[in-house]
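Inspection log for the structure reproduced underneath, given as structure tokens.
Lettering of chains follows the sequences in order, A, B, ..., and the numbering in each one begins at 1.
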Amino acid sequence: MASRSSSSSSSRLLPPEFYSRPTPQVAHDLIGKVLVRVLDKKRRLAGVIVETEAYGHADDPASHAHRGPTARNRVMFGPVGVAYVYFTYGSHHCVNVSARSPDRAPAGAVLIRSIEPVEGVGVMQNLRGTGNPLLLASGPGRLTQAMGITLLQNGLDMTVPGSGLCIEEAGDLEGGRRQVVSTPRIGITKAADLPWRFVDPSSRFVSRRLPAFAPSIPEQHSRSS
DNA sequence: CGCTCGATATTCT
DNA sequence: GAATATCGAGCGA
């Protein structure tokens with residue numbers, strides 16, 4: 001088959017230019033894109049990104065890069081489109097992709113918090129030890145476990161084919177454009193007012209529901225205060 | 001349902 | 001020693 005038709009994945013690969021923009025804008029635009037993990041020759045896992053967060057540099061006290069480069073965060077200061085994986089709370093991995101305007105910001109990355117599983121759901125269920133689709137990859141720790149992402153993937157270039165971890169433009173299977181709303185970031189205490197978390201408010205696969213986009217719960221019988 | 005707590009790497013005080 | 005970009009088990013209302 002010479003025609004490059006349906007499943008030519010590398011043609012949909014997001015290029016470095018996509019990540020060479022202000023980090024919050026990249027985080028916003030990643031909603032609706034497809035995170036792809038290739039475990040080996042045959043097992044391809046994929047899901048639609050429905051929740052992200054932007055992390056900056058010296059101007060963002062919640063960011064790992066706030067106090068300058070360290071052994072852990074050095075990817076945030078390097079080329080864009082590279083996987084930044086870290087281990088936290090003694091139990092969980094989280095995956096980011098480095099993103100920033102290279103000539104304007106010294107560091108930056110987008111934390112990928114939740115996906116809607118699309119391909120390889122059975123493998124994800126095995127890796128997670130649950131069959132509940134809402135608990136498969138909704139939340140940064142769950143997502144990395146579902147996709148088999150560990151510190152071994154730290155530093156991978158996500159803009160080239162064959163690295164085993166990349167992000168693609170959505171195809172017909174993943175549906176059309178997504179709504180995007182912004183909210184404060186989750187699990188931080190500093191800079192908690194910055195609206196640098198981005199979600200598809202119509203997705204059931206976000207890691208947490210917030211008042212910012214909660215469905216109308218009118219005070220029918222609970223008129224307090 | 002909501003709250004507390006353990007896991008324990010990495011960084012900072 | 002304390003805090004953290006988390007998750008899930010345990011416990012009580």
Side-chain angles (χ1 to χ4, degrees), chain A residues 19 22-24 26-28 30-31 35 47 49-78 82-100 105-115 117 124-155 158 165 167 182-199 204-212 214-215 217 221-222 224:
Chain A
Y19 304 102
T23 311
V26 175
H28 173 282
L30 278 175
I31 301 298
L35 181 65
I49 297 171
V50 293
E51 180 180 7
T52 62
E53 284 177 0
Y55 285 90
H57 46 106
D59 60 357
D60 179 9
S63 172
H64 286 172
H66 175 48
R67 298 169 187 275
T70 65
R72 177 177 66 167
N73 69 17
R74 61 188 162 77
V75 171
M76 291 184 73
F77 292 82
V82 175
Y84 167 43
V85 184
Y86 65 89
F87 190 62
T88 193
Y89 288 109
S91 323
H92 302 285
H93 298 276
C94 295
V95 62
N96 304 241
V97 56
S98 59
R100 61 195 164 96
V110 176
L111 172 67
I112 305 174
R113 290 188 58 92
S114 300
I115 61 169
M124 295 190 204
Q125 288 173 334
N126 290 339
L127 289 170
R128 285 278 300 127
T130 178
N132 185 340
L134 292 177
L135 295 180
L136 270 189
S138 297
R142 294 168 180 159
L143 183 154
T144 52
Q145 188 179 27
M147 288 204 141
I149 296 171
T150 69
L151 290 178
L152 293 177
Q153 279 69 50
N154 188 45
M158 298 176 71
L165 187 62
I167 303 175
S182 64
T183 80
R185 293 172 291 184
I186 295 208
I188 60 169
T189 56
K190 302 167 205 163
D193 54 320
L194 281 180
W196 282 3
R197 172 176 178 254
F198 301 90
V199 302
R204 297 157 50 239
F205 291 82
V206 297
S207 66
R208 191 185 307 197
R209 308 251 170 156
L210 287 188
I217 305 177
H221 54 73
S222 68
S224 56

Excluding sequence neighbours, so at least two apart, what forms ring pair (Phe, Tyr, Trp, His ring centres under 6.0 Å) with A/Phe198?
A/His28
Taking ring pair (Phe, Tyr, Trp, His ring centres under 6.0 Å) as the definition, give me every residue that meets it alongside A/His93, ordered by chain and number, with sequence neighbours left out.
A/Phe87
Checking all strands, does A/Ile188 fall into the base, sugar-phosphate, or nothing category for heavy-atom contacts under 4.0 angstrom?
sugar-phosphate
Using the side-chain hydrogen bond (donor to acceptor under 3.5 Å, both in side chains) criterion, which residues pair with [X]? Sequence neighbours excluded.
X	value
A/Glu53	A/Tyr55
A/Arg185	A/Asp60
A/Ser114	A/Glu51
A/Ser91	none

So, the side chain of A/Ser182 versus the backbone of A/Trp196: is there a donor-acceptor pair under 3.5 Å, distance only?
no
Among residues 129-145 of chain A, which ones have heavy-atom contacts with DNA chain C below 4.0 Å?
A/Gly139, A/Pro140, A/Gly141, A/Arg142
For the [atom1] atoms, the ones on [N] and on [M], what distance do you get once it is rounded to whole angstrom?
N	M	atom1	value
C/dA13	B/dC5	P	15 Å
C/dA5	B/dG2	C1'	24 Å
C/dA2	B/dG6	P	14 Å

DNA chain C in dot-bracket form (Watson-Crick or G-U pairs under 3.5 Å, [ ] crossing, | inter-strand) is ||||.|||||||.
What's the verdict on side chain to side chain contact (heavy atoms under 4.5 Å, CB included) for A/Cys94 and A/Val85, showing C-alpha distance, side-chain angles and the deciding distance?
CA-CA 6 Å; A/Cys94 295; A/Val85 184; over 6 Å; no
Identify all side-chain donor-acceptor contacts of residues 125-141 of chain A below 3.5 Å with residues at least two apart in sequence or on another chain.
unit_1, atom_1, unit_2, atom_2, d
A/Gln125, NE2, A/Gly131, O, 3.4
A/Arg128, NE, A/Leu135, O, 3.0
A/Arg128, NE, A/Leu136, O, 3.1
A/Arg128, NH1, A/Gln145, OE1, 2.6
A/Arg128, NH2, A/Leu135, O, 2.7
A/Thr130, OG1, A/Asn132, N, 3.1
A/Asn132, OD1, A/Leu134, N, 2.9
A/Ser138, OG, A/Leu134, O, 3.3
A/Ser138, OG, A/Phe205, O, 2.7

Starting from the C-alpha separation in whole Å, work towards a yes-or-no answer on side chain to side chain contact (heavy atoms under 4.5 Å, CB included) for A/Asn96 and A/Ile112.
CA-CA 6 Å; A/Asn96 304 241; A/Ile112 305 174; over 6 Å; no
For A/His57, the side chain to side chain contact (heavy atoms under 4.5 Å, CB included) test, sequence neighbours excluded, returns A/Asp59, A/Ala105, A/Pro106, A/Ala107
Could you pull out the closest heavy-atom pair between A/Val95 and A/Thr144, with the gap in Å?
N-CG2, 3.8 Å
Under 4.0 Å from a heavy atom of chain A: give me the 5'-most and 3'-most nucleotides of DNA chain C that qualify.
C/dT4 to C/dG8
For every nucleotide of nucleotides 4-13 of chain B, 5' to 3': is a protein heavy atom under 4.0 Å from its base (B), only from its sugar-phosphate (S), or from neither (-)?
---BBSSSSS
What verdict does the side-chain hydrogen bond (donor to acceptor under 3.5 Å, both in side chains) test give for A/Thr23 and A/Arg100, after you've listed the backbone C-alpha separation in whole Å, the side-chain angles of each residue and the deciding distance to 0.1 Å?
CA-CA 5 Å; A/Thr23 311; A/Arg100 61 195 164 96; over 6 Å; no
